[in-house]
Number of protein chains: 2
Amino acid sequence: MRRTKSESEETRQRILDAAETVFLDIGVSRASLDRIATEAGVTRGAIYWHFANKQELFSAMIERVHGLHQTVLTRSLLGAVDPLQGVLDWALDVIELFAAEAHTRQVYRIIVTRCEYVGEMQDALEWQSDLHERMATNFQNAFEAAAAAKQLAPDWSVKSAATTLECFMSGMLHNWLRYDFDAEVAEALRAGLRSLVGSFRVREAAAGA
Amino acid sequence: MRRTKSESEETRQRILDAAETVFLDIGVSRASLDRIATEAGVTRGAIYWHFANKQELFSAMIERVHGLHQTVLTRSLLGAVDPLQGVLDWALDVIELFAAEAHTRQVYRIIVTRCEYVGEMQDALEWQSDLHERMATNFQNAFEAAAAAKQLAPDWSVKSAATTLECFMSGMLHNWLRYDFDAEVAEALRAGLRSLVGSFRVREAAAGA
DNA sequence: CCCTTTACATACAACACTGTCTGTATATAT
DNA sequence: ATATATACAGACAGTGTTGTATGTAAAGGG
């Protein structure tokens with residue numbers, strides 16, 4: 001009956017997979033540990049061995065995809081030679097991450113549409129607030145640099161540009177994750193993003209009709 | 001013990017108020033009818049008299065603010081003489097609604113951050129999908145009209161402009177409702193919105209440096 | 001080869017919440 | 001004035017879920 005070390009890790013991963021499935025299916029709060037265990041082909045005993053309770057299982061599920069998230073989303077924008085190009089590249093990377101990594105997408109979808117931001121869940125989701133703040137300050141800095149380089153179009157203030165791009169980014173992810181990604185939608189968003197960032201930049205005369 | 005008709009309606013409203021409070025406090029799923037009853041100063045008997053169960057209480061809570069929503073958000077954009085101005089007016093009206101009506105804001109906040117989009121909840125929140133679709137088609141139509149009138153800037157396609165504005169609108173509401181509105185944020189969003197819609201419009205030459 | 005620890009499965013008690021049923025005082029219709 | 005329906009309060013059993021406690025077979029170290 002006793003499993004080897006690697007078999008144990010395998011069950012742990014199966015439990016995490018099952019948690020994702022069940023959470024997506026019926027939501028985090030109604031998901032019983034028994035249902036998750038059955039989905040994983042084990043009993044609740046196995047879950048309680050690997051995790052203290054549902055809360056920690058939830059946190060572990062997030063941690064599993066948090067690494068990719070972190071590296072892509074918190075990359076600083078300060079190094080870019082062209083600040084507006086830097087913002088665009090960063091935003092495109094974010095889209096790329098979600099378009100490519102189905103696992104990340106699924107977990108993020110659970111976070112957005114399948115759990116309540118309350119009690120202990122709020123702690124587990126605190127990194128999301130951090131991320132938003134970091135995104136906001138990054139945008140702020142980039143647009144300030146753009147303004148200093150006279151790159152920012154006259155109808156955009158630093159603040160309104162930063163706010164607008166931030167709203168676009170989170171709205172995009174939310175709208176998208178309400179259903180699921182498909183390649184066509186991803187392309188539409190990339191196009192919208194390019195046009196949006198382009199509209200921040202001061203026009204090079206001509207180009208129009 | 002028996003209350004008059006108007007007293008009964010008063011308790012019904014108190015129950016709905018209590019539901020909002022408790023839902024916001026601990027989330028929809030963990031909110032017990034007993035807790036809500038206590039908050040309202042009644043017993044579960046009263047709740048079960050006015051509503052069949054928690055699900056219908058939740059729906060009734062939404063219905064209470066749905067009217068305002070409906071009239072403002074589903075106003076057609078087709079009538080506008082200037083399509084881009086029509087879009088801007090509509091979007092500003094939406095901001096206005098949320099900035100002015102604390103009750104609407106609170107309920108929407110519950111919907112966004114305090115419940116899971118699953119099972120019977122999905123039915124109760126179906127109007128939200130309708131709303132998004134209607135918003136999308138409205139934008140699409142408006143930008144098609146703008147393109148036909150040669151008003152749309154050359155770097156924006158109809159589709160990318162519509163997608164971008166839609167993402168901005170929902171991202172704005174989501175980001176905003178994660179906390180609560182304050183007047184300063186509202187003004188920043190209005191500014192961003194004006195600039196965004198302005199960037200859709202074809203430049204009138206000059207204006208730049 | 002034995003002993004301890006691991007990696008679970010199984011069993012059990014406790015609780016919170018739900019839906020329903022009954023009780024009841026009073027508004028309201030006749 | 002009487003009868004009936006109303007607007008609840010209180011009591012009830014039933015259920016699903018949780019945490020823990022115990023059992024156990026095999027892995028891995030000495």
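Numbers restart at 1 for each chain; the letters A, B, ... are given by sequence-line order, proteins then strands. Atoms considered below: every heavy atom in the structure, side chains included; atoms not considered: hydrogens, waters and symmetry mates.
- Look at Arg190(B) and Glu96(B) and you find a salt bridge, because one of the NZ, NE, NH1 or NH2 atoms lies within 4.0 Å of a carboxylate O, short of that distance.
- Looking at Asp25(A) and Arg35(A), a side-chain N of the basic residue comes within less than 4.0 Å of a carboxylate O on the acidic one, giving a salt bridge.
- Of the charged side-chain nitrogens involved, at least one lies within less than 4.0 Å of a carboxylate oxygen, so that Arg64(A) and Asp17(A) count as a salt-bridged pair.
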Query raised in the report: What string of B, S and - do you get for nucleotides 10-25 of chain D, 5' to 3', if B is base contact, S is sugar-phosphate-only contact and - is no contact with any protein heavy atom under 4.0 Å?
Result: S------SBBB----B
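- Taking the side chain as every heavy atom from C-beta outward, Tyr108(A) and Val65(A) never approach each other to under 4.5 Å.
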Side-chain donor-acceptor pairs under 3.5 Å in residues 39-50 of chain B, sequence neighbours left out?
| residue | atom | partner | partner atom | Å |
| --- | --- | --- | --- | --- |
| Thr43(B) | OG1 | Gly45(B) | N | 3.3 |

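- For Thr4(A) and dG28(D), the shortest distance from a side-chain N or O to OP1 or OP2 is below 4.0 Å.
- The two residues Val197(B) and Leu84(B) have their closest heavy-atom pair at CG1-O, 3.7 Å.
- Of the candidates Met169(A), Met135(A), Arg75(A), Met169(A) is the only one forming a side chain to side chain contact (heavy atoms under 4.5 Å, CB included) with Val94(A).
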Requested in this report: Determine, step by step, whether Asp82(B) and Arg201(B) satisfy the side chain to side chain contact (heavy atoms under 4.5 Å, CB included) criterion, reporting the C-alpha distance in whole Å, the side-chain angles of both residues, the deciding distance to 0.1 Å, and the verdict.
Outcome: CA-CA 11 Å; Asp82(B) 182 341; Arg201(B) 195 184 294 274; 3.3 Å; yes
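- Nucleotides of DNA chain C lying under 4.0 Å from heavy atoms of chain B occupy a range whose first and last members, 5' to 3', are dC17(C) to dT28(C).
- For dC8(D), the OP1/OP2 oxygens have a side-chain nitrogen or oxygen of His50(B) closer than 4.0 Å.
- Rounded to a whole Å, the CD1 atom of Ile47(B) is 16 Å from the P atom of dA7(D).
- The phosphate of dC8(D) (OP1 or OP2) has no side-chain N or O of Trp49(B) nearer than 4.0 angstrom.
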